[in-house]
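Reading through the structure tokens given below for one structure.
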Amino acid sequence: MPELPEVETIVRDLGARLTGLMVERAEVLLPKVVAAPAPEEFARLIAGRKILGLSRRGKYILIELSRGWVLILHLRMTGQLVYTTVLEPFPKHTHLVLHLDQGVLRFTDLRQFGRASLVPAREVRRVPGLRELGVEPLGAEFVKEDFIRKLARSRRMIKPLLLDQTFLTGLGNIYTDEALHRAGIHPERRAADLDTREAGTLYRAIREVLAEGVAFRGTSVQHYVDGSGQRGRFQEILRVYGKKGVPCPVCGVPIERIRCGGRGTHYCPECQPFER
DNA sequence: AGCAACGCCTGATAGC
DNA sequence: TGCTATCAGGCGTTGC
């Protein structure tokens, strides 16, 4: 599933390839994936606009268009955003196609959870979902001391807190499990119960695991592909996610899988003890 | 207000 | 073999 490293990879890929191209025509194959405006209005508004650049906020992809509009995309679980200049039939589950003056950008999503919307540039920061997003964990605004203070104030379990996009934005199930393992913290521990040293270790683990995820061009467990349709490589170095029963690479004890905050959660009972 | 549970959706897999 | 039930999970919504 696309989390921060996957979305960052897509944005970098497509930013380099799409900037300067023009949207000639939008083809909406599954109307409900266009959240706003109405699909006909969407197609009418986007036609004839140039792509000025791409950026990312949390797991949202922002495509800045000429004359003051922005295309916002969220891939959710199984969405793919792929640019191709090769003439080929669209893959199954392709729901939205932007025909550019050179090549096509297609949005494909098996589960149909992903959404696209077109909004005026000045309203982007007010869009529900984007508006509430918390700190970017790879940005300068993610400050260790602030993070430690915020953890100390929360009675929630650490894993659901890390997944809360209004707290930190960009972590999903994979990188959260990996960060907690690297920090040696049990996912069900209360945030406020972590001591300063543990919180500091977790801060570094989050930055480290996300930066490595970007360096490896994302994790392709199932559906994720980059902006050119290629798989990432981070799945080759996962330590706990999807590794139930596999020996922990640090201590050799089998990885366990539990449910935490309603999510499948992987951890090492030896490296991440609940009791300290 | 803060937090938990649910619904959305299809394909893979487990169980009978 | 073939059917049904369950699971995967990001996020908006609903409800406690």
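Every chain is numbered from 1, with letters handed out A, B, ... down the list of sequences. The structure displayed is predicted, hence computed values, not measured ones.
Residue A/Lys150 places its NZ atom among more than 12 non-hydrogen atoms of other residues, nucleotides or ligands, all under 6.0 Å distant.
Among the protein residues, A/Met1 comes within range of the sugar-phosphate backbone only, with heavy atoms under 4.0 Å from sugar or phosphate atoms but none that close to a base. Nucleic acid contact for A/Tyr175: none, since no nucleic acid atom lies under 4.0 Å from a heavy atom of the residue. At a threshold of 4.0 angstrom between heavy atoms, the contacts of A/Gln165 are confined to the sugar-phosphate backbone, with no base atom among them. No contact: A/Phe167 has no heavy atom under 4.0 Å from any strand.
A/Thr9 and A/Asp226 are not linked by any side-chain donor-acceptor pair at a separation below 3.5 angstrom, with hydrogens and angles left out of the test. If you check the side chains of A/Lys59 and A/Thr169, you find no donor sitting under 3.5 Å from an acceptor.
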- Task: Apply the test side chain to side chain contact (heavy atoms under 4.5 Å, CB included) to residues A/Ile206 and A/Leu210: give CA-CA distance (whole Å), side-chain angles for both, the deciding distance (0.1 Å), then the verdict.
- Result: CA-CA 6 Å; A/Ile206 290 167; A/Leu210 290 174; 3.9 Å; yes

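In this structure, A/Asn173 atom CG and C/dC11 atom C1' are separated by 13 Å, rounded to whole Å. Spacing between atom CE of A/Met77 and atom P of C/dC7 amounts to 15 Å, rounded to whole angstrom units. The interatomic distance linking A/Leu163 (CG) with C/dC11 (C1') rounds to 11 Å, in whole Å. Between A/Glu132 atom CD and C/dG12 atom P there is a gap of 7 Å when expressed in whole angstrom units. Remark: P of C/dA8 and CD of A/Glu3 are 15 Å apart, rounded to the nearest angstrom. The distance between atom CE of A/Met157 and atom P of B/dG2, rounded to the nearest whole Å, is 18 Å. As a whole-Å value, the separation of A/Lys244 NZ from C/dC7 P is 12 Å. If you take CZ of A/Arg153 and C1' of B/dA1, they are 15 Å apart, rounded to a whole angstrom.
A donor-acceptor pair is defined here as one N or O able to donate and one able to accept, closer than 3.5 Å; no such pair exists between the side chain of A/Thr219 and the backbone of A/Val221. A distance-only check finds a donor-acceptor pair linking the side chain of A/Tyr203 to the backbone of A/Phe142 [under 3.5 Å]. Between the side chain of A/Glu3 and the backbone N or O of A/Leu171 there is no donor-acceptor pair closer than 3.5 Å.
Listed nucleotides: C/dG10, C/dC7, B/dA4. Nearest to the side chain of A/Arg259: C/dC7. Side-chain atoms of A/Arg156 lie closest to B/dC3 of the nucleotides C/dA8, C/dG10, B/dC3.
Outside the 6.0 Å centre-distance limit, the rings of A/Tyr241 and A/Tyr175 are not counted as a close aromatic pair. Outside the 6.0 Å centre-distance limit, the rings of A/Tyr267 and A/His181 are not counted as a close aromatic pair.
Contact between the side-chain N/O atoms of A/His74 and the OP1/OP2 oxygens of C/dG10 is not found at any separation under 4.0 Å. Look at A/Lys59 and you'll find a side-chain N or O under 4.0 angstrom from OP1 or OP2 of C/dC11.
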- If the sugar-phosphate is the primed atoms plus P, OP1 and OP2 and the base is the rest, what is the B/S/- string for nucleotides 5-12 of chain B, using protein heavy atoms under 4.0 Å? ---BBBS-

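Applying the salt bridge (Lys or Arg N to Asp or Glu O under 4.0 Å) criterion to A/Arg12, with sequence neighbours excluded, gives A/Glu8.
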- Message: Wobble G-U and Watson-Crick pairs count when both distances are under 3.5 Å; given that, what is the 5' to 3' dot-bracket string of DNA chain C, with | for pairing to other strands?
- Response: .|||||||||||||||

